[in-house]
Structure formats: structure tokens, C-alpha cells
Amino acid sequence: MAAPRVRIAPSPTGFFHVGTGRTALYNWLFARRHGGVFILRIEDTDTERNREEWVDGIVDALVWLGMEPDEGPYRQSERRARYQAALDTLWDAGHLYACECTRDAVRARTASNATPGYDGLCRERGLPREGHALRFRTPADGETQVHDLVRGTVTFRHETMEDFVVARSNGEPLFVLANIVDDRDMKITHVIRGEELLPSAPKAILIWQALDASGEGEAGEGEAGWGEATDLPAWAHLPMLVNEKREKLSKRRDAVAVEMYREEGFLPEALRNYLALLGWSPPGDQEKVPVQVLVESFALEDVNHSPAFFDVKKLSHMNGEYIRDLSVEDFVARVRPWVDPATERGAGRWVPESAAPPPWPEERFDAEVFGRLAPLVQERVATLAEAPGLVDFVFLPEPVTDEASWDKAIGKDPGAAGLLDAAIAAYEGTEWVAGALHAATLAVGEQAGRKLARAQAPIRVAVTGRTVGPPLFESLEVLGRDEVLRRLRAALGRIRGD
RNA sequence: GGCCCCAUCGUCUAGAGGCCUAGGACACCACCCUCUCAAGGUGGAGACACGGGUUCGAACCCCGUUGGGGCUGCCA
């Protein structure tokens with residue numbers, strides 16, 4: 001295959017949608033697989049809804065996911081002259097006509113029609129182009145076939161296609177027109193996009209062919225004209241991503257922002273790997289595979305036809321696997337991305353890309369202490385954002401006591417006070433390392449006729465505030481004898497009612 | 001309503017006529033490991049929507065039914 005040129009064409013109307021991410025990934029994989037070019041094009045013809053800052057978000061998200069565009073971002077807003085030229089050509093060749101019908105008027109006229117859609121009222125009225133919406137004359141007979149790499153050939157009969165609008169009455173081009181002019185100019189070879197765009201493919205083909213047939217040799221000012229026949233791109237319509245109700249993922253209802261997953265501590269390589277699985281699968285029984293394997297084995301022909309549910313649970317599990325694959329050093333660096341070498345302190349950020357401050361006063365943080373707990377934390381989290389909650393008791397002046405935990409392990413345990421007492425006595429004299437603390441606690445438990453599991457529970461809650469957390473004895477070791485004893489005595493004080 | 005797409009465990013999928021007693025993964029259940037929680041290990045339950053064909057033989061091919069979804073904007 002000659003080097004393909006593919007593109008993603010998001011419109012900057014909000015955050016980066018996971019569906020756009022999946023489409024971008026398949027485009028990117030295809031480009032990498034065949035030594036092609038991956039292009040980013042911003043479709044910002046709808047000036048009322050587009051905002052420039054969203055463009056940065058799109059680029060950031062792509063870079064974060066490891067799919068930096070080879071070309072672009074191009075912007076449709078900078079290419080108005082090209083669309084006007086195309087409109088001129090189409091108008092001059094008679095493919096377009098001006099229309100002044102409002103949507104409501106059309107609806108009122110056609111409500112009882114067997115085949116709804118625009119009824120062609122303005123078709124032969126000869127309205128002037130200025131100030132009117134422009135419609136494309138679809139042929140009355142025949143059909144247009146879309147040769148789709150994932151779905152095969154899809155046929156649309158022209159009689160079922162209405163005369164669609166290609167330009168607004170203010171002269172601005174619409175999606176179908178701008179999109180196709182860009183794909184021609186940018187020499188796009190494969191249009192890989194969501195299935196919801198399949199119905200617009202025959203319209204695109206009609207425009208494409210009209211442009212091919214019109215305005216022979218009209219190339220002016222060094223620009224390519226429309227007379228040269230250009231190869232139609234190959235189409236590939238990907239299955240949609242849906243929610244649990246099997247509806248198209250919606251920005252309103254569903255958690256679809258890549259930025260959100262990023263802030264919650266999902267790893268880009270994990271998200272990318274998971275996204276690849278939505279509509280396709282790598283060879284063999286392995287789902288968690290290096291990106292290189294994805295690139296080497298990806299094929300549009302193997303893409304599924306049916307919609308895929310975006311399952312956060314499965315994403316989380318895979319993310320946990322990726323986290324556990326990290327070296328401890330990498331894990332620490334990912335959780336806490338930047339540390340001032342002079343002060344050994346972070347910059348207030350914890351979870352990688354989140355602006356959220358840590359749950360403890362930053363000056364109480366100790367990188368060395370965190371490093372000791374890190375391996376224990378690493379195998380217990382599915383996302384990076386869960387990490388601070390597992391170590392907060394170490395850096396907080398006082399543990400945040402979960403009352404349900406207190407009630408369960410201490411409140412309802414008549415022997416808790418005695419056990420804490422005994423633990424204090426034992427901890428005062430023991431060597432302060434995890435192994436010795438383990439042995440000492442075991443002994444305290446035996447004295448009280450308890451197994452370790454029951455003996456450690458009140459101690460854990462007294463010291464960390466919760467019944468769950470990293471292994472207790474390592475936690476105690478890191479906290480230090482004085483602080484542990486202080487917390488145990490404080491708990492005792494609370495039990496005895498102060 | 002019209003046009004179009006889709007249909008294997010709850011979910012993501014493997015399966016390209018005999019390899020299928022339908023495989024893997026997430027979730028779920030049980031057990032093991034274990035200082036809690038995880039992680040890990042072992043095992044379990046769990047699907048070819050339905051009806052007709054074609055064929056010696058169908059999850060795989062064809063037709064229909066049913067069900068779901070998308071589009072039907074002077075949004076993209």
C-alpha cells in the first residue's frame with residue numbers, strides 16, 4: 001500500500017471524548033502500521049460553538065495518549081477561501097440551488113409525506129445565491145455505493161436522499177462540504193470515523209464526484225482546480241461506543257472526558273490499550289499487549305461491526321495491571337510527578353495531572369517515607385488517585401477516623417482497650433522494625449486469646465483511622481514509635497471517655 | 001414514519017462450514033494465600049435472539065421475524 005494519509009477531525013466544542021480517542025487510535029494504528037501520515041484537523045466551521053482553548057485540549061490529549069499528529073492541527077476556519085471556491089464551482093455547474101425554506105415550513109408541508117425530508121420546493125425557483133442557504137441537487141435516479149472496509153458495500157438509493165444543505169444563508173459552509181473539500185485537498189486516502197457518519201458518506205461521494213466533473217482546468221493562483229478527478233478515499237466506519245443502555249455515549253450523561261480519566265490517575269498506556277479493545281482484538285488470548293503489538297497486528301478488516309460498551313470496571317482492572325508493571329521508582333514518579341530537589345517537596349500536585357492538592361499539609365510530606373510505603377501502595381490501587389488515601393495517615397498530624405471503622409473494631413469490641421494497653425506496653429520495649437512489631441503484636445494477641453487478625457484490628461483503627469490500609473507493621477515502622485504510642489494512648493483516652 | 005447499521009456469556013471479545021462438549025478477559029461466586037484490604041493462584045456459574053432454508057454437516061452462508069442503535073439540523 002502506498003503511504004496512506006488519515007485524519008481525525010474533531011470539532012472543538014468541549015473536552016476530548018473517549019470516542020474521539022478510540023477513533024484517533026484506530027487512525028493512528030492504521031497510519032503506523034502502513035507507514036502513513038496521521039493528521040489532525042479541527043472542524044471549527046460552527047463559529048458559535050467553537051472555542052480556541054478546546055483545540056489545545058485536543059492536542060494535549062493526543063500527546064498524552066502517545067498519538068501526536070504528524071500534521072496539523074489544520075483549522076477549517078483558516079480555509080474559508082477553499083470552501084467558497086468549491087461552492088462557486090458547484091454553483092456554476094448547476095449542482096446547487098438557493099433555498100429559503102425554514103425547517104418548520106418544510107416540516108409542515110411534508111408531515112404526511114411517505115418519504116419525508118426536503119420536498120424540493122425551491123429547486124426550480126431560481127432564487128439568487130446571496131443570502132440563501134444552498135442545497136445540493138441529489139440525482140433523482142440511481143444509487144450511490146459506499147465501499148466500506150469494515151462493513152462492505154452499503155447502497156443508498158438517490159430517491160431516498162433529500163437535497164441537503166451545503167452552505168448556510170450567511171455563506172458559511174456546512175460539515176459535508178468543508179469536510180470533503182479538506183479531504184480532497186489533504187489527499188486523505190482513508191476516512192476512518194464513527195458509524196454515525198455512515199449516512200453522510202453518500203452525500204460526500206456525490207459532492208466529490210460533482211467537484212471532479214466540474215470546472216475543467218480551473219486551477220488558479222497555483223491552487224489545484226476542481227477539474228482533476230481525484231481518487232475517492234476508502235471508507236471505514238467504526239462501531240460506536242455506547243453506554244449501559246446501549247445508547248451513543250453522550251457528553252451530558254456519560255463519563256466520556258479523557259481529561260477526567262487522566263486526572264483520576266489512569267495511565268495513558270492503559271487507556272490506549274483498553275480503547276484498542278473496543279471493536280477489535282489483538283491476536284491470541286492476550287488483551288494486555290504492548291503498543292507495538294497493536295501496531296503490528298491492527299487491520300481495519302478485522303474491526304467489529306457492533307457497538308461496544310465502554311466498561312470502566314474493565315478499564316480500571318487493566319489500569320491496575322499497568323500500575324503494577326511499573327518499577328517502584330516509576331510508580332513514585334507518576335503519583336507525584338514533580339519534586340523540588342532542594343526542598344524534597346512536591347508542587348502541590350499529587351495525582352499526576354490533577355490540580356487537586358494532597359490531603360495533608362504539603363510541608364509534612366516526606367519523600368523518603370512515601371518511598372518506603374510505595375511498593376505496598378502500588379499493588380493495592382487500580383488508579384493513581386487512590387494512592388493518597390492509603391498513606392494520608394502518615395502525613396496527617398492526626399489520623400482521620402472513620403467512625404464505622406472505629407465502631408466495628410473498637411466500639412463493639414469490649415477487649416479493645418485491654419488490647420491497646422498491652423500493645424502500648426509491648427511496643428515501648430520492642431525493636432522498631434516491621435518484623436519485631438509483627439512478633440510483638442502476635443504475642444499481645446496470644447495473651448488476649450486472639451489470632452493476629454483480631455489483634456491487629458483495634459491497633460490499625462487507632463493508628464490509621466480505618467480497618468483497611470497498607471500492611472500494618474510496615475506502617476507502624478514508618479510512623480515511628482513515639483507517634484504510634486501517642487495515637488494508641490489517644491485512642492485509649494477516647495474509649496475511656498475523656 | 002423513512003433510510004441505514006447491528007445481533008456469541010451481564011460486559012468486551014475469539015470464532016472466517018467440520019478443530020466448538022463454543023475459548024479468553026472484566027464483573028460475579030467459592031476456595032487457597034494472608035495482620036486488614038488488595039494483589040496473586042485454583043475452581044465454578046454464565047452465551048451462539050427466534051424461525052425457515054442451503055449443506056453430509058451452520059455460531060459461521062441465504063431469507064424472514066424480533067430486538068437494539070444511528071441518521072433524518074442553515075450541528076459535527
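A, B, ... follow the sequence lines: proteins, then strands. Residue 1 opens every chain. Computed from a predicted structure; not experimentally measured.
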For this session: Classify the side-chain pair A/Thr153/A/His147 by whether it contains a donor and acceptor separated by less than 3.5 Å.
Result: yes
Problem set entry | A/Asn319 side chain to A/Tyr261 side chain, donor-acceptor N/O pair below 3.5 angstrom | no
Any donor-acceptor pair under 3.5 Å between the side chain of [X] and the base of [N]?
X: A/Arg460; N: B/C35; result: yes
X: A/Ser169; N: B/C74; result: yes
X: A/Arg380; N: B/U36; result: yes
X: A/Glu247; N: B/G68; result: no
X: A/Lys313; N: B/C26; result: no

When the [atom1] atoms of [N] and [M] are considered, how many whole Å apart are they?
N: B/A45; M: B/G64; atom1: P; value: 39 Å
N: B/U66; M: B/G23; atom1: C1'; value: 29 Å
N: B/U11; M: B/C48; atom1: P; value: 12 Å
N: B/A27; M: B/A22; atom1: P; value: 24 Å
N: B/C62; M: B/C20; atom1: C1'; value: 23 Å
N: B/C60; M: B/U8; atom1: C1'; value: 11 Å
N: B/C6; M: B/U65; atom1: C1'; value: 15 Å
N: B/A47; M: B/C37; atom1: P; value: 32 Å

Nucleotide nearest [X] (side chain, heavy atoms from C-beta), chosen from [options]:
X: A/Glu287; options: B/C6, B/U36, B/G24; value: B/G24
X: A/Pro199; options: B/C12, B/C75, B/C71; value: B/C71
X: A/Val468; options: B/U36, B/G69, B/C3; value: B/U36
X: A/Phe175; options: B/C35, B/A76, B/C12; value: B/A76

Problem set entry | Test applied, side chain to side chain contact (heavy atoms under 4.5 Å, CB included); reference residue, A/Ile180; option that passes from A/Leu206, A/Val191, A/Ile207 | A/Ile207
Do any side-chain nitrogens or oxygens of [X] fall under 4.0 Å of OP1 or OP2 in [N]?
X: A/Arg246; N: B/C5; answer: no
X: A/Ser281; N: B/A14; answer: yes
X: A/Arg168; N: B/C75; answer: yes
X: A/His305; N: B/C6; answer: yes
X: A/Lys408; N: B/U36; answer: no

Exercise. Can a cation-pi geometry be assigned to A/Arg135 and A/Tyr118, taking NZ or CZ under 6.0 Å from the six-membered ring centre and within 45° of the ring axis?
Worked result: yes
Exercise. Is atom CD of A/Glu483 surrounded by more than 12 heavy atoms (other residues, nucleotides or ligands) closer than 6.0 Å?
Worked result: yes
Exercise. Are A/Asp254 and A/Lys248 within salt-bridge range, i.e. N to O under 4.0 Å?
Worked result: no
